[in-house]
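So that the names make sense, note that chain A is the first sequence line, chain B the second, and so on, each numbered from 1.
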Number of protein chains: 2
Amino acid sequence: MPQTMTSADLRIRNQVRLLRAVHDAAEPFTRAEAARLLGIGRNTAAALVGELEQARLLHEIPAETSGRGRPTTLLVPHPEGPLAFAVDFREDTWTLAAVELGGAITELETGEHDRTPNAFAEIRTAVARHETPRLAVLGFATSGPIRDGHRLHISHLGWDEVELDELIGPDWPRTVIDNDARLAGLAEARRGALRGMGTALHFHIDFDIGGTLLLAGDAQRGGHNTAGEFGHMPLSGSPLQCMCGVQGCWSLDVGANALIRRFGETPGYGAGRELAQEVVRRAEAGESEAGSALDDNAAALGKGLGALANALDPEAISLSGLGVDLIRMRREVIETHCARALMEFRRNEPPTITAGRLGEAGPLRGAAEVAWDAILNADWVKARLASRR
Amino acid sequence: MPQTMTSADLRIRNQVRLLRAVHDAAEPFTRAEAARLLGIGRNTAAALVGELEQARLLHEIPAETSGRGRPTTLLVPHPEGPLAFAVDFREDTWTLAAVELGGAITELETGEHDRTPNAFAEIRTAVARHETPRLAVLGFATSGPIRDGHRLHISHLGWDEVELDELIGPDWPRTVIDNDARLAGLAEARRGALRGMGTALHFHIDFDIGGTLLLAGDAQRGGHNTAGEFGHMPLSGSPLQCMCGVQGCWSLDVGANALIRRFGETPGYGAGRELAQEVVRRAEAGESEAGSALDDNAAALGKGLGALANALDPEAISLSGLGVDLIRMRREVIETHCARALMEFRRNEPPTITAGRLGEAGPLRGAAEVAWDAILNADWVKARLASRR
DNA sequence: CAGTTATGTTCTTGGTACGAACATAACAAG
DNA sequence: CTTGTTATGTTCGTACCAAGAACATAACTG
C-alpha cells in the first residue's frame, strides 16, 4: 500500500503486518505478544484478530498457560484458511505441495514428466485433483531463467524461451513462477540458514552454479528477471569455453560438469548428476583421484565466493546441491581459497559459508514463499475481509 | 515508520511522502498535482501543505497560470527551510556545499588539506564558518571503505582503519558518511543517468574501480558496509598480484594504474592520475601506443561489465572518472567485449553503458542525498512539525 | 484465601482522510 | 462585454481508526 492511505487502510495495513508476522515467525505467538510485537494496544489487537478470524485467516487456540496472568490464545493459521500450492518442477519429476500460512507444508503428489512443455498440463491436472476452495495461489519453481517474467529457458530440457503465458493459461489459479536456485535462496533467507540476514548469497550447485543475492530476506531479480547467473562470471580462471557462449565461466570449474570432465566424460545433462555423486562417494571412500577432483572443485568454489564477497559483502553464504557435499567434505579447502580471494583487510571477518538448511526442499519452500508473498498484501487481504464478513 | 501507526502518524506519513516527492521530482509541481500524485484529496493536500509551510519545510509560490481553471501554487522548498551540507573529501582537497530540499546546490568553500586526519577538523571549522540555524544534517563523501560504518580505510592516504567516531565528534552536526564511489552511484540513480532504474550499476574508475549496486534508487551497503569492491574480482584474467592482497583483480587491468603500468611507471597514487590523463590525451592525439593501452583498458572494462551483468542483470551501467574518457573514446571496444562476456541468450538486450551525468560532482551530490535521506523520515518530520507550530 | 499479575473488554477521545457541496479565478466563446 | 466552462481551493459533516483509562477476568503465589 505505497499509494493511497485512508484510516480504513490503516486497519488493513496492521492486519497484513500481523499476518506477515504469523507467517514469518519461527514459533507461534500469542495475541498479547502480537500486540507488543506490532506496537499496538491489546484492544486493537483483539479487534484485528477478530476480523481476521471471521475472514478465516487466523484462528485462536488456547495457549498453554505459563506463569501468572489471565490465559491468552495462540495465533495460528485458520484450519479452513487459504492455502498456497507449491510446485517444484525438475528435470524428470515434479512435486506438488500445499502450504499453510506459517509455512507448514504437506506434500500432495509427485510425478514424472516427459520433458516437454506438456508437463505443465499434467501439473495443472494434478492441481485440479487436489483443488479445494481453500486454494488461493500457486507458486512454481522451475529451472533456468525466466526472461521478463514470461519467457522460460531450460537448456537441459531443450526449452528455448518457451512462452509461459501459453502454458499457464487463465484456467490456472493465480500463479507465480520463478527459477529454482533463486527460490531455494529465498527459502533459506526466510526459513533457513540465511534467516535474518540483511545481505546474503545462496548458490545451488548442480551441473553448474545458479544463485541469488538476498537483501533483507528478498531475492533480487534484476532488470530482466535474469539476475543470478553467478556461474557465468570468470571467477576461477578456466581457459575453457562454456556452453553459455562465454569463455572462462566459474561453472566450468565448479559443479557436476567440472567433476565429470575431470574423468573424461563429456559434460552435459542426464546421467551426469549420478556420475558426480559417484565421484563424491569415491572421494569419501578415500580414492585419491576423486578426492583431488573434489579439491579442485572446492578450491574454485572458494575462490569465486571470495571474489563475490569482495563485491557484495554478504554476511553469510549458503550452498545447496553439490555444495552441501563440498562443504561437508572440503570445508577447509573452500574457506582457504575464499580467504585468499578476499581483500586482505576483510580476511578477519570472512562471510560464514554454510550448507543450506532446507536441502532438497529449497525450491519448493521458496515457491511457497513467493506464492504467499503474492497474497499477503493490502489488496488481497482487503478483498478477503470484504468477502467474508 | 515500519512500526507503530496511529492515525496521527498517518498525517506524518503523507507529509513525508509529499516532501520526498518534492525532493525527488525533476521539476517542481503544483499543489493540485501533488494531490493527484499522492492519491489524496485536494482538501487533504491543502492541510498537509499548510502544516509543512508553517514548519518551514515547504513554500507555496504562485504558479504561472496555464489554461483554464483557478490558479494554483507551486510547491518549492521553503526559503528558510532546512539545509543539508555536503562534503566531498578528496585526496588533496575538499569541497563544502549547501543543498536545499529538491537538490539545489550551492558551493560554499573549497580547500586543500595535509592528507592527515587533521583534515576533518579543518572541514569542521569550514562548516562552522558557514553554519546557520538552517543546517540540519551533513553528508560526507570520502574514499575507501568505511567498515561497519565507523572504521575508515583510505589506502592512498595511508589511513589504516581510522576511527571515525574520534574524528566526527559530538560537536559535529548530525553527520552521515559514505564512500565516494557509492555516493556517486547513488547520485546517478537519484538525479543522473540511472534515474528510475530498478537495477543498475555504477563504477567510478580512478586508480582502480569502485562501484555500487543500485536497487530502486538505493545504494547497497553489504553486511559490513564494504560492498562495492567490484574492482577486486578476477574478471579480466590478470596474472598480477594486486595491492589489496589478491591475485588477478579486475582493477589491475582497468583504471589509471593499469594505464601507468603499461608505460613502465610504478602504479601507485600521487602523480599517477596526471600520467593517466596524459595517456588519454596522447591517445586522442593518435599516438598508437597510448591508443592501444586505452584499447586494452576498455576491453578489460567491457569484459568485466559483461560478467557482472550476467550475475546482476542491470538495466544500465554508468561510469565516472576515467570511465567517462573510456566511453567517449572506446565505446565500441567496451561494448564488444561486454557482449562477448554476456551469456549468449541475453546479448540481444545488453545493459546500456553510459557516462554518468553528474561528472565530478557525483560524490558531492550523493552525499547530499544521504544527508537528506537521514532526515526525510517520519521521526524527523514529526519533531520538526512539533517544534515549529 | 487473599494478593499479584498478565491479559481481555468496554467506552470515550483525538485525529485522519474522504466526499459532497460550494466558492473562486482564470480562460473561452458568442 | 457577458456568460459558460474548467480546474482548483475551501468548508463541513461522516466514517473509521488506534490510543488510553478503567474495569473485568483467570490464572498463579504465598
Taking all atoms of both residues into account, what is the closest heavy-atom pair of B:A97 and B:I105, and its distance? CB-CG1, 3.8 Å
For a quick check under 3.5 Å, do A:H202 and A:T212 share a side-chain donor-acceptor pair by atom type? no
In whole angstrom, what separates A:L48's CG from C:dT7's C1'? 16 Å
Whole angstroms only, please: what is the CG-P distance between A:L75 and C:dT7? 13 Å
Between A:S7 and A:R42, the residue closer to the 5' end of DNA chain D by nearest nucleotide is A:S7
Checking contacts here: which listed nucleotide (D:dG9, D:dA26, C:dT16) is nearest the side-chain heavy atoms of A:P71? D:dA26
B:I40 CD1 to D:dG9 P, in whole Å, measures 11 Å
If I take atom CZ in residue A:R11 and atom P in nucleotide C:dA17, what distance separates them, rounded to the nearest angstrom? 17 Å
So if I take every side-chain heavy atom of B:R70 and compare against D:dG9, C:dT16, C:dG8, which nucleotide ends up nearest? D:dG9
So, does the side chain of B:N43 form a donor-acceptor pair with the base of C:dG19 at under 3.5 Å? yes
Taking atom types as modelled, is there a side-chain donor on B:H23 or B:E369 under 3.5 Å from an acceptor on the other? yes
Ignoring hydrogens and angles, tell me if any N or O in the side chain of B:D313 forms a donor-acceptor pair with the backbone of A:N225 under 3.5 Å. yes
If only side-chain N and O atoms of A:R36 are considered, is one of them under 4.0 Å from the OP1 or OP2 phosphate oxygen of C:dA6? no
For DNA chain D, whose closest nucleotide is more 5', that of A:T44 or that of B:A32? B:A32
Output the rounded distance in Å from CG (A:D9) to C1' (D:dA15). 13 Å
Find the distance B:E51:CD to C:dG15:C1' and express it as a whole number of Å. 11 Å
Does a side-chain N or O from A:T6 land closer than 4.0 Å to OP1 or OP2 of D:dC16, or not? no
Separation of atom CZ in A:R31 from atom P in D:dA26, rounded to whole Å: 14 Å
Return the 5'-most residue of the pair A:E60, A:R68 with respect to DNA chain C, ranking by each residue's nearest nucleotide. A:R68
N-O pairing of B:R190 and B:D218 below 4.0 Å: yes
Send over the distance from A:N14 CG to D:dC16 P, rounded to a whole Å. 17 Å
